[in-house]
4 protein chains.
Amino acid sequence: MSPRTPSQLEVIRQQKIRLIYDVALELFATHGYASTSVSMIARRAGISKGLMYNYFESKEELLRRIVMGGFQQFLGLLKVENERNVKKEEIINFIDENIRLLKRDYNYYKMYFSLTFQPEVFNLLKEEVMQYFMGVMNILVSYYAKRGVPSPLVKARFLFAVFDGIAVHYISDVESFPLDESRDLLIELL
Amino acid sequence: MSPRTPSQLEVIRQQKIRLIYDVALELFATHGYASTSVSMIARRAGISKGLMYNYFESKEELLRRIVMGGFQQFLGLLKVENERNVKKEEIINFIDENIRLLKRDYNYYKMYFSLTFQPEVFNLLKEEVMQYFMGVMNILVSYYAKRGVPSPLVKARFLFAVFDGIAVHYISDVESFPLDESRDLLIELL
Amino acid sequence: MSPRTPSQLEVIRQQKIRLIYDVALELFATHGYASTSVSMIARRAGISKGLMYNYFESKEELLRRIVMGGFQQFLGLLKVENERNVKKEEIINFIDENIRLLKRDYNYYKMYFSLTFQPEVFNLLKEEVMQYFMGVMNILVSYYAKRGVPSPLVKARFLFAVFDGIAVHYISDVESFPLDESRDLLIELL
Amino acid sequence: MSPRTPSQLEVIRQQKIRLIYDVALELFATHGYASTSVSMIARRAGISKGLMYNYFESKEELLRRIVMGGFQQFLGLLKVENERNVKKEEIINFIDENIRLLKRDYNYYKMYFSLTFQPEVFNLLKEEVMQYFMGVMNILVSYYAKRGVPSPLVKARFLFAVFDGIAVHYISDVESFPLDESRDLLIELL
DNA sequence: AATGAATGAGTCTTCATTCAT
DNA sequence: AATGAATGAAGACTCATTCAT
């Protein structure tokens with residue numbers, strides 16, 4: 001019998017990668033990175049430990065790929081029409097997109113916040129996080145500066161913190177946290 | 001040297017317990033619970049691993065005692081004169097006390113938040129967390145209800161989330177997060 | 001394309017076997033048998049791991065075949081015209097042939113000596129090694145006995161040891177070991 | 001009960017270190033470094049795997065300590081009264097001391113030679129080996145130069161190779177290799 | 001003839017915990 | 001009260017080998 005074609009193999013590989021990726025994301029989110037063993041990931045994915053290493057160089061690389069993969073989405077949200085003149089609708093839209101991702105990629109947020117508090121691991125991601133952080137700050141500061149707010153930087157950091165507070169409370173209690181209402185209250189703060 | 005009296009021994013015991021407690025808190029905060037080994041704690045405290053087990057049943061119990069110990073302080077902040085008629089000054093005072101603890105017990109907060117994202121560990125504390133959470137909510141809901149706010153529960157949860165957002169951003173960037181200004185903006189939201 | 005004829009297939013087979021054989025020899029020599037993985041061999045040979053198992057039953061069999069293959073050459077050097085009357089020229093010729101092989105099949109020697117010090121692996125080859133060893137000894141002992149040397153066996157073993165000493169130092173430092181001069185000094189010892 | 005005194009502990013530690021050291025040396029010598037697992041060492045030493053790591057940072061450090069420990073002896077043999085005027089007796093004495101060590105520390109030699117052929121591992125020791133090699137060469141070259149030998153360097157390298165050849169054949173066949181007679185033949189070469 | 005995804009036993013290493021002293 | 005040697009289960013990772021295609 002002839003070997004599988006390259007495209008067949010590629011399909012198999014992508015499926016497996018996706019599978020491992022999803023399982024790992026969920027486990028990292030619920031148990032934390034350090035407390036999630038490669039064995040757990042393999043068991044939950046229904047594969048052998050060895051196979052994970054066919055697709056990911058190490059547990060750490062798996063984490064990095066997951067975090068970076070998710071980050072792309074967030075970086076994508078940062079676009080504004082004119083950096084010098086950020087419109088309120090753009091901010092609102094940015095918030096709403098974030099809320100949408102928060103609902104959809106609930107696990108990703110959970111994992112992301114949990115990493116925030118594990119300095120050793122977090123250092124792996126520092127650069128990207130900084131990039132995103134600066135992107136958000138630029139937009140917000142520009143927005144408040146244009147409107148003559150006395151301390152645009154303070155206001156910007158406050159707003160960012162408020163958003164993350166909402167996110168943290170939401171992912172800690174998805175069932176009953178009033179996310180949409182909180183979003184409205186957040187918009188009022190702009 | 002004459003043998004020590006029982007009370008002297010008790011003093012020594014308490015000092016050692018405090019020492020272990022402090023060292024462990026700092027390490028849990030900076031490295032995370034899972035990444036802090038008992039050996040590290042013993043080494044940093046200048047004692048043997050065995051001694052730690054004289055005072056604490058296990059690493060997990062050590063964590064539990066640390067978290068619980070810190071919690072007492074927060075529960076102490078919940079007092080209001082009249083539950084039915086919460087005054088604005090009381091809320092402000094409550095916030096300020098929290099800010100004070102946030103500055104002082106920075107490590108505790110850091111550790112606490114990191115646990116928030118590790119359900120297994122967090123479950124150990126669920127009851128106490130719930131108790132505190134309900135206490136805060138009662139006060140805030142009562143406050144807003146009295147003032148005729150349409151959705152006091154929503155407003156209360158929002159406010160709580162905002163506070164935690166500030167806390168999270170502060171402990172992630174103690175150097176430059178504008179904590180006091182954020183406190184003022186928070187007060188304005190009341 | 002028309003299907004290949006059986007003999008064409010056989011040529012392909014032989015080429016692949018040779019390829020694997022050569023790559024493996026080099027890797028075994030430079031990294032050691034235990035530290036050379038089948039994956040490395042396959043990658044360097046530009047084939048799949050599976051294919052290697054089409055031609056060689058196992059990594060161990062691959063080693064055995066390599067060692068045995070090389071051995072044939074040495075056994076071929078053992079011929080003398082008359083076992084009872086070994087001439088000096090024949091010994092010199094034998095030494096020179098060995099030197100020639102040492103230069104040419106440098107990797108083989110390197111691998112061979114490294115195996116010498118791993119009894120488990122070496123046991124696989126014991127019989128052949130013994131056969132060669134006895135062949136060399138027979139010739140040398142006969143040579144020295146005929147010349148009335150008091151302890152021909154001792155002299156023979158010494159000479160063999162000297163040759164291997166030269167070989168070992170040569171393969172440990174190909175760049176600067178004075179192989180040809182050492183050969184001359186060795187001849188003087190005869 | 002009071003804890004063991006520091007000196008009691010030191011005795012325990014030294015015994016265990018010695019035990020692990022000896023077992024590891026023997027196993028490295030007979031199976032090779034790569035093929036000797038930490039489990040094997042622990043099993044043969046009658047201890048747990050974990051304990052090995054109380055005394056040695058890693059398998060590699062264990063190897064390094066063993067090799068370096070043995071090396072001290074060899075470096076100790078290099079002393080000559082006057083580097084400019086090396087006496088024949090000194091060379092003979094040096095050879096005899098080496099022969100003595102070869103007999104006594106048979107395993108060490110075996111391990112040493114096996115490492116010689118595992119480049120990855122050998123690199124760890126390169127510096128020390130070089131130091132020893134240069135020491136030996138200095139003495140031999142000086143010896144031959146003083147005596148007006150045409151190519152003292154060649155003669156020195158040859159002699160060194162001869163000694164190692166004897167060593168290699170001896171450790172490959174302790175039972176019947178004529179070590180003492182070979183020593184005499186070696187002396188004749190001086 | 002040829003592929004490489006997949007496995008699982010085995011590797012080195014760490015660490016919470018126990019226990020004799 | 002105090003020590004640290006000792007354990008063993010578990011962790012991340014590797015690799016010879018198999019097998020469906």
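Every chain is numbered from 1, with letters handed out A, B, ... down the list of sequences. Everything numeric in this text was worked out from a predicted model, so none of it was measured.
Whole-Å rounding puts the C:Lys49 NZ to F:dC19 P distance at 15 Å.
Expressed to the nearest 0.5 Å, how far CG of A:Leu115 lies from CG of A:Leu124 amounts to 8.5 Å. Remark: C:Ile20 CD1 to C:Leu51 CG distance equals 5.5 Å, nearest 0.5 Å.
Consecutive Watson-Crick or G-U pairs involving DNA chain E, each under 3.5 Å on both distances, make up stems of three or more pairs at E:2-21 with F:2-21.
Interface residues of residues 55-65 of chain C facing DNA chain F, ordered by number: C:Ser58, C:Lys59; criterion, heavy-atom separation under 4.0 Å. Proximity of residues 5-35 of chain D to DNA chain F (heavy atom under 4.0 angstrom from any strand atom) is restricted to D:Leu9, D:Ile12, D:Arg13, D:Lys16. DNA chain F is contacted by no residue of residues 114-124 of chain A, taking any non-hydrogen atom closer than 4.0 Å.
Among residues at least two apart or in separate chains, side-chain hydrogen bond (donor to acceptor under 3.5 Å, both in side chains) pairs with a member in residues 18-38 of chain A are A:Arg18-A:Asp22, A:Glu26-A:Arg44, A:His31-B:Glu120. The side-chain hydrogen bond (donor to acceptor under 3.5 Å, both in side chains) analysis of residues 57-68 of chain A, with sequence neighbours excluded, yields the pairs A:Glu60-A:Arg64, A:Glu61-A:Arg65.
Applying the salt bridge (Lys or Arg N to Asp or Glu O under 4.0 Å) rule to C:Arg43 yields no partners; only residues at least two apart in sequence or on another chain are considered. Contacts of A:Thr5 classified as side-chain contact (heavy atoms from CB on, under 4.5 Å), with partners at least two apart in sequence or in another chain: A:Ser7, A:Gln8. Partners of A:Ala24 according to the side-chain contact (heavy atoms from CB on, under 4.5 Å) rule, which considers only residues two or more places apart in sequence or in another chain, are A:Phe28, A:Ile41, A:Leu62, A:Ile66. A search for salt bridge (Lys or Arg N to Asp or Glu O under 4.0 Å) contacts involving A:Glu128 returns nothing, not counting sequence neighbours. Contacts of C:Thr116 classified as side-chain contact (heavy atoms from CB on, under 4.5 Å), with partners at least two apart in sequence or in another chain: C:Tyr112, C:Phe113, C:Phe122, D:Ser172. Residues passing the ring pair (Phe, Tyr, Trp, His ring centres under 6.0 Å) test with C:Tyr109 are C:Phe74, sequence neighbours excluded.
Position along DNA chain F of the nearest nucleotide to D:Ile47 versus A:Gly50 favours D:Ile47 as the more 5'-ward residue. When each of A:Met52 and C:Ser39 is assigned the nucleotide of DNA chain F bearing its nearest heavy atom, the one mapping closer to the 5' terminus is A:Met52.
Dashed line: the shortest gap from a side-chain N or O of A:Ser37 to OP1 or OP2 of F:dG11 is under 4.0 Å.
Considering only the side chain of C:Tyr53, F:dT17 comes nearest among F:dT17, E:dA2, F:dA2. Of the candidates F:dA16, E:dC12, E:dT21, E:dT21 carries the atom nearest the D:Arg4 side chain, counting heavy atoms from C-beta on.
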